[in-house]
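Only heavy atoms go into these numbers, but all of them, side chains included; no hydrogens, no water, no symmetry mates.
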Amino acid sequence: IIRNGSSPTNSLRYLNYDYGMSLQIPAGWNIFEQYAALKDPKSKPMGDPFVAGLVPSNSQPNSMFTLRIDVTDWPNTVSSEQTYSIFLNDRDLLRNGSQILQSTSIVKDNNLIYRYVVKYDTGEKEYVEGLASILANSRLYNLHFKATSDEFDLHKNNIEEIVNSITFF
């Protein structure tokens, strides 16, 4: 993690050399890392490795807000478009009364990024959940978040900045 001291926001740049990616972390956010990748080439991984999580330091004590980064650790065979399609067919997430707030695809640095944001109500609380799925370096990078609607409204500009700041090397 590199502090951008000359930046007016005093943000941090998170660099992950194992997965060839970097992104900006807003001032006042915490990051935690975990390396869950399977290194044995004979083993078939059961899921994408959780690489890092970002949490605003001003989150409420019972907050469930986290922006999670997962990256495939083997040559990817599922495109970001297929991941996005899987989401669109997720019957549990797209339950009655849910609302798609964003559903877009953009190209950044020659990498296709599929993004969605959905708002839904569980009967107890209203939640917002989203994913940015990017195919780069023969890996599928997923930035996923889930929050209550209030938490999302509070942090949506930061989420946008984080997703837009991702670079690959």
- Message: We want to know whether Glu126 and Ser149 form a side-chain donor-acceptor pair, criterion being a heavy-atom distance below 3.5 angstrom.
- Response: yes
- Message: Could you check whether any side-chain N or O of Thr122 sits under 3.5 Å from a backbone N or O of Glu124, counting only pairs where one atom can act as donor and the other as acceptor?
- Response: yes
- Which value, rounded to the nearest 0.5 Å, describes the distance between Ser133 atom OG and His144 atom NE2? 11.5 Å
- Message: Could you check whether any side-chain N or O of Ser165 sits under 3.5 Å from a backbone N or O of Gln24, counting only pairs where one atom can act as donor and the other as acceptor?
- Response: yes
- Item | Face-on cation placement of Lys146 at Tyr127 ring, 6.0 Å and 45° thresholds | yes
- So, Asp121 side chain and Gly123 main chain: donor-acceptor pair closer than 3.5 Å or not? yes
- Query: What do the steps show when you test Ile25 against Ile162 for side-chain contact (heavy atoms from CB on, under 4.5 Å), and what is the final call?
  - Reply: CA-CA 6 Å; Ile25 302 171; Ile162 292 167; 5.8 Å; no
- Item | Any donor-acceptor N or O pair under 3.5 Å, side chains Glu33, Tyr14 | yes
- Could you give me the CA-CA distance, side-chain angles and deciding distance for Leu23 and Leu143, then say whether side-chain contact (heavy atoms from CB on, under 4.5 Å) is met? CA-CA 11 Å; Leu23 49 82; Leu143 284 73; 4.2 Å; yes
- Same apolar cluster (I L V M F W Y, side chains within < 4.5 Å links), Ile31/Leu12: yes
- Rounded to the nearest 0.5 Å, the CG atom of Asp150 sits from the NE2 atom of His155 at a distance of 10.5 Å
- Mind checking whether Met21 and Ile69 have side chains closer than 4.5 Å, heavy atoms only? yes
- Task: Would you please indicate yes or no on a ring centroid separation below 6.0 angstrom for Phe168 and Tyr141?
- Result: yes
- Message: Just verifying a value: how many Å separate Ile134 CD1 and Leu112 CG, rounded to the nearest 0.5 Å?
- Response: 9.5 Å
- Could you go step by step and tell me if Val55 and Trp29 meet the side-chain contact (heavy atoms from CB on, under 4.5 Å) rule? CA-CA 6 Å; Val55 181; Trp29 281 50; 5.9 Å; no
- Atom pair CD1 (Ile159) and CG (Leu67), whose distance is rounded to the nearest 0.5 Å: 6.5 Å
- Query: Any donor and acceptor pair, going by atom type alone, linking the side chain of Asp153 with main-chain N or O of Glu151 inside 3.5 Å?
  - Reply: no
- Item | Euclidean distance, Ser22 OG relative to Ile166 CD1, rounded to 0.5 Å | 7.5 Å
- Message: Quick test of your reading of the model: are Glu160 and Arg115 salt-bridged, counting only N-O distances below 4.0 Å?
- Response: yes
- Message: When you measure from the side chain of Asn137 to the backbone of Arg139, do you find a donor-acceptor pair of N or O atoms at a distance under 3.5 Å?
- Response: no
- Considering only heavy atoms from C-beta outward, does the side chain of Pro56 approach that of Asn158 to under 4.5 Å? no
- Message: Evaluate Val51 against Asn16 for side-chain contact (heavy atoms from CB on, under 4.5 Å), listing each step before the verdict.
- Response: CA-CA 9 Å; Val51 175; Asn16 188 303; 3.2 Å; yes
- Message: When you compare the side chains of Tyr120 and Glu129, does any donor N or O come within less than 3.5 Å of an acceptor on the partner?
- Response: yes
- Side chains of Ser57 and Asn30: donor-acceptor distance under 3.5 Å anywhere? no
- Query: Between Val118 and Ser98, which heavy-atom pair has the shortest distance, and what is it?
  - Reply: CG1-CB, 4.2 Å
- Query: Rounded to the nearest 0.5 Å, what separation is found between the CG atom of Leu131 and the OH atom of Tyr114?
  - Reply: 12.5 Å
- Ring centroid separation for Phe152 and Phe145, is it under 6.0 angstrom? yes
